[in-house]
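Mind having a look at this structure? Questions to follow.
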Amino acid sequence: MMGMLYEHILDMEDYFSAGGLVMIPLAVISVLMWTLIANRVFFFRRLYRRNMSRKTALAHVKASQLPDPKQYKGAVALLVNAFLHRRCGLTQVDRFILDETVLVLSSSLDRYLSLIAVLAAMAPLLGLLGTVTGMIATFDIISFFGTGNAKAMAGGISEALITTQTGLLVAIPGLYMSGFLSRRAENLKQRISAVGTYLRRHV
């Protein structure tokens, strides 16, 4: 088992070394992008679970009772909790506070989504950069040795192909997850906005 793991590590080292310097920023982009994706996935998952109904939310607001975190952990509970911490008791002011709370929570759902999309879009561009540098290296070798030295040419061609492949491998799932998370965020925004409008009519 350890021997196989060691072989895989060596294979990865060979893969990265064959890709050249462009593989370093590609690896950094991939790690950062998937860290942010994991953060948003778990955050949205928590907001979808254990949601309270509108009537339950209104009952908590009228009673000024904070939602039980063991029972309610969803987006509506987060809205009620944030509003109750900020309300002042005056009806007109509380309505403005509720509107502001909805806006703040909605904007927080977009956090990191633009950055994830940018990182996913950068990956194929870096792959293209690696393609260019690899082909330049290949042409440099051709200018010195001609086309007869296939082994010398293989290094530049490998760099060009590996960086292109890696850029696409990072970008394709990244763009898919960016779209998926954006849809989840929009659904949560609509839910928060609908509950906020309902509460505003009864505050």
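What you see is a predicted model, and the numbers here were worked out from it, not measured in a lab.
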Indicate if L113 and M122 have the same hydrophobic cluster label, given that clusters are the connected sets of ILVMFWY residues with side-chain heavy-atom separations under 4.5 angstrom.
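L113 clusters together with M122.
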Same cluster or not: V118 versus L109, using hydrophobic residues (I, L, V, M, F, W, Y) connected whenever any side-chain heavy atoms lie under 4.5 Å apart?
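As far as the 4.5 Å side-chain criterion goes, L109 and V118 are connected within one cluster.
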Under the 3.5 angstrom rule, does the side chain of T56 hit a backbone N or O of M52 as a donor-acceptor pair?
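Checked: no pair found.
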Could you measure the distance from the CE atom of M177 to the OG atom of S182? Nearest 0.5 Å is fine.
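The OG atom of S182 is 10.5 Å from CE of M177, to the nearest 0.5 Å.
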Answer yes or no: is there a donor N or O on one side and an acceptor on the other, between the side chain of T35 and the main chain of V31, under 3.5 Å?
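Between the backbone of V31 and the side chain of T35 there is a qualifying donor-acceptor contact (under 3.5 Å).
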Count the heavy atoms of every other residue, nucleotide or ligand shown that sit under 6.0 Å from CZ of R201, and state whether that count exceeds 12.
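Yes - once you tally the heavy atoms of other residues, nucleotides and ligands closer than 6.0 Å, there are more than 12.
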Less than 4.5 Å apart, side chain to side chain, heavy atoms only: is that true for R40 and R111?
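Yes, close enough: below the 4.5 Å cut-off.
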Check whether any side-chain heavy atom of L161 lies under 4.5 Å from a side-chain heavy atom of Q165, and answer yes or no.
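A side-chain contact under 4.5 Å is absent here.
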Partner set under side chain to side chain donor-acceptor pair (under 3.5 Å) for T131, not counting sequence neighbours
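For T131 the side chain to side chain donor-acceptor pair (under 3.5 Å) partners, ignoring immediate neighbours, are T164.
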Side-chain heavy-atom pair K73, R49 within 4.5 angstrom cut-off:
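No - every pair of side-chain heavy atoms lies 4.5 Å or more apart.
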Compare every heavy atom of K189 with every heavy atom of S106, then report the nearest pair and how far apart it is.
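That would be O-CE, 3.5 Å.
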Is R191 close to Y48 at the side-chain level, that is, under 4.5 Å between some pair of heavy atoms?
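Yes, at least one pair of side-chain atoms sits under 4.5 Å.
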Write down the atom of R86, the atom of I97, and the distance for their closest heavy-atom approach.
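Smallest heavy-atom distance, with atoms named: O-CD1, 3.4 Å.
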In terms of hydrophobic clusters joined by side-chain contacts under 4.5 Å, are L115 and F180 together?
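Looking at the clustering, F180 is in the same group as L115.
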Ion pair R183/E186, N-O distance below 4.0 Å:
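Looking at R183 and E186, the cut-off is not met.
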For the atom pair OG (S108) and CD1 (I192), what is the distance rounded to the nearest 0.5 Å?
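Between S108 OG and I192 CD1, I get 6.5 Å after rounding to 0.5 Å.
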So, do L119 and L36 sit near enough that their side-chain heavy atoms are less than 4.5 Å apart?
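They are in contact (side-chain heavy atoms under 4.5 Å apart), so the answer is yes.
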Can R46 be said to sit on top of F43's aromatic six-ring, NZ or CZ under 6.0 Å from centre and within 45° of the ring axis?
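Judged by the rule, R46 and F43 form no cation-pi pair.
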Would you name the heavy atoms of L26 and G167 that are closest together and state the gap between them?
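Shortest heavy-atom separation between L26 and G167 comes out as CD2-CA, 4.0 Å.
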Roughly how far apart are L169 CG and I162 CD1, rounded to 0.5 Å?
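L169 atom CG to I162 atom CD1 measures 11.5 Å (nearest 0.5 Å).
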Do L66 and V102 land in one hydrophobic cluster if side-chain heavy atoms of ILVMFWY residues count as linked below 4.5 Å?
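Yes, L66 connects to V102 through the hydrophobic network.
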Provide the closest heavy-atom pair for L199 versus A57 in the form atom of the first, atom of the second, distance.
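Distance-wise, the nearest heavy atoms are CD2-C, 4.1 Å.
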L47 vs L78 side-chain heavy atoms within contact, under 4.5 Å
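Yes - at least one pair of side-chain heavy atoms lies under 4.5 Å apart.
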Closest approach of C88 to V93 (non-hydrogen atoms, all atoms of both residues):
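Closest heavy-atom pair between C88 and V93: SG-CG1, 3.4 Å.
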Identify whether L98 and L84 are in the same connected component of the hydrophobic contact network (ILVMFWY, side-chain heavy atoms under 4.5 Å).
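Per the 4.5 Å side-chain linkage, L98 and L84 are co-clustered.
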When rounded to the nearest 0.5 angstrom, what is the spacing between CZ in R200 and OG in S193?
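Between R200 CZ and S193 OG, I get 11.5 Å after rounding to 0.5 Å.
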From L79 atom CG to L188 atom CG, the distance as rounded to the nearest 0.5 Å
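These two atoms lie 12.0 Å from each other.
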First locate atom NE2 of H85, then atom OG1 of T101, and finally report the distance between them rounded to the nearest 0.5 Å.
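Atom-to-atom, H85:NE2 and T101:OG1 are 11.5 Å apart.
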Ignoring hydrogens and geometry, is there a side-chain-to-backbone donor-acceptor pair from S178 to G174 under 3.5 Å?
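The answer is no, because no donor-acceptor pair under 3.5 Å joins these two groups.
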For the residue pair L126 and V22, what are the closest heavy atoms and their distance?
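Distance-wise, the nearest heavy atoms are O-CG1, 3.1 Å.
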